[in-house]
Protein chains: 2
Amino acid sequence: MGPSAATWAILGLIALEPSSGYDVKRIIDRSIRHFWAASYGQIYPELRRLEEAGWIAGDDARRGGRARRVYSITPIGRAALQGWLAGRETRVELRDESLLRLFFADTLPLHHAVGLLAARREGYRQMLDYLVGLDDGKAVDPPFVDLVYRWGLDYCRWGIEWCDRELARLEQAG
Amino acid sequence: MGPSAATWAILGLIALEPSSGYDVKRIIDRSIRHFWAASYGQIYPELRRLEEAGWIAGDDARRGGRARRVYSITPIGRAALQGWLAGRETRVELRDESLLRLFFADTLPLHHAVGLLAARREGYRQMLDYLVGLDDGKAVDPPFVDLVYRWGLDYCRWGIEWCDRELARLEQAG
DNA sequence: TAGTGCATGTAATGCGTTACATGATTTC
DNA sequence: GAAATCATGTAACGCATTACATGCACTA
């Protein structure tokens, strides 16, 4: 039970600013969810582990009668985070049900298979809308946070264009 | 325990050609692994479930003294597969540790952060090499199998260009 | 006063990988 | 005869989601 990649996501966010578990979840959903999702079922237990390891320190920060525990990174935690940042493994996992359907689309009537491709395009569109929506009233991000955000936008735009090209190709052929 | 997306991947491959569990694993690793991975621990139990459901039929096809069980799709299985193909959900899950590092790279010395971006580029390169390697001595694929294969190639090439653009931008700025 | 958002958490379940065990056949 | 490949399978584990339970505070 050493640290997993989810550990670093959570620790990294707390390094950016002290946060509660609820905060961590909200920040993830508004910044890295499209390439690194996390649920409460991971976040709360992980926070406890991180505190036990001395990488973060919890502080009781109740607001009125409402319980609240805010965690900050410790020097040890910061050192551990730097160690991970120095790593080079580029583990990427993709699960794309739309590509899976397209892979098996040769048995389908052509207009139906074309529909799958159009649906894929629509998927990119929705992701783009979601990402563009995040930008509303957002403060100016630090350079690399912004870089990753632009990766998301660019990827969606590329995906839409790719689908358009392939749709045109199919129309021409069929 | 209804069918999951892994069910359709396995069923779809068997629909393309009758295969053993071992075959399924090999075919996955040579065609869809980059967007849909699967291990023996999924494949063999899933084959048993599919047979119990009557979607595939197993046939004893031992080669010499070596046990071997080849499965073919049944009419019921084919109908179920068509039903899934008619679906429109475009569930995409991405876990990209390299993007995660970049997201937290603002605390790093610039040359180090640039190194992360270069490492990302290298990751795309390796995936591209892997995909290009698959092409050696491969028969001509059906149109949509080929389309999905080209998606992989095009995605890697786009990713490499994206990294190059961002690297140039950083060099110009820093 | 009803609805939304804030806040913390757990239990059950599902999905998937890793690591192992077994043994035959082919190839060098 | 050693190594690689073919072939099937399971047990243990880890990772992650879903669904639920609880209750306070703010706002329309």
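For clarity, every value in this text was computed on a predicted model and none was experimentally measured. Chain naming here is simple, since letters A, B, ... match the order of the sequence lines and numbering starts at 1 in each.
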Original post:
Is R88(A) atom CZ crowded by more than 12 heavy atoms from other residues, nucleotides or ligands, each under 6.0 Å away?
Top reply: yes
**OP:** With heavy atoms under 4.0 Å as the rule, sort S4(A) into base, sugar-phosphate or nothing.
**Re:** sugar-phosphate
**OP:** Could you grab the distance from atom CG of L50(A) to atom CZ of R48(A), nearest 0.5 Å is fine?
**Re:** 11.0 Å
Original post:
Can you check whether Q42(A) has a side-chain N or O nearer than 4.0 Å to OP1 or OP2 of dT17(D)?
Top reply: yes
Original post:
How would nucleotides 2-9 of chain C be written as a contact map, 5' to 3', with B for base contact, S for sugar-phosphate-only contact and - for no contact, using protein heavy atoms under 4.0 Å?
Top reply: ---BBBBB
Original post:
To the nearest angstrom, how far is I43(B) atom CD1 from dC15(C) atom P?
Top reply: 16 Å
Original post:
When you check the gap from the basic side-chain N to the acidic O, do R169(A) and E166(A) get nearer than 4.0 Å?
Top reply: yes
**OP:** Mind calculating the distance between NZ (K25(B)) and P (dG16(C)) to the nearest angstrom?
**Re:** 13 Å
Original post:
Taking atom CG of L116(A) and atom CG of L85(B), what is their separation to the nearest 0.5 Å?
Top reply: 6.5 Å
Subject >> Spacing between E46(B) atom CD and dG16(C) atom P, to the nearest angstrom >> reply: 10 Å
**OP:** Enter the inter-axis angle for the ends of the helix from dT1(C)-dA28(D) to dC28(C)-dG1(D) (five pairs per end, rounded to 10°).
**Re:** 30°
Original post:
Does R101(A) use its side chain to pair, donor to acceptor, with the backbone of E89(B) at less than 3.5 Å?
Top reply: yes
Original post:
Starting at CZ of R49(B) and ending at C1' of dT10(D), how long is that distance when rounded to a whole Å?
Top reply: 13 Å
Original post:
Counting only non-hydrogen atoms, which of residues 83-98 of chain B are less than 4.0 Å from DNA chain C?
Top reply: none
**OP:** Could you check whether the rings of Y124(B) and W158(B) sit parallel, tilted or perpendicular, using 30° and 60° as the cut-offs?
**Re:** perpendicular
**OP:** Write down the distance between CZ (R33(B)) and P (dG16(C)), rounded to a whole number of angstrom.
**Re:** 16 Å
**OP:** Could you tell me the separation between the OG atom of S20(B) and the CG atom of D59(B), rounded to the nearest 0.5 Å?
**Re:** 12.0 Å
**OP:** For W8(B) and dG16(C), give me the distance from atom CH2 to atom P, rounded to whole Å.
**Re:** 14 Å
**OP:** Kindly check if the number of other-residue, nucleotide or ligand heavy atoms within 6.0 Å of CZ (R165(A)) is above 12?
**Re:** yes
Original post:
Atom CZ in F35(B), atom OG in S98(A): separation rounded to 0.5 Å?
Top reply: 9.0 Å
**OP:** Measure the acute angle between the ring planes of Y22(A) and Y40(A), then classify it against the limits of 30° and 60° as parallel, tilted or perpendicular.
**Re:** parallel
Subject >> Where C156(A) and M127(A) come nearest, the two heavy atoms and their spacing >> reply: SG-CG, 3.5 Å
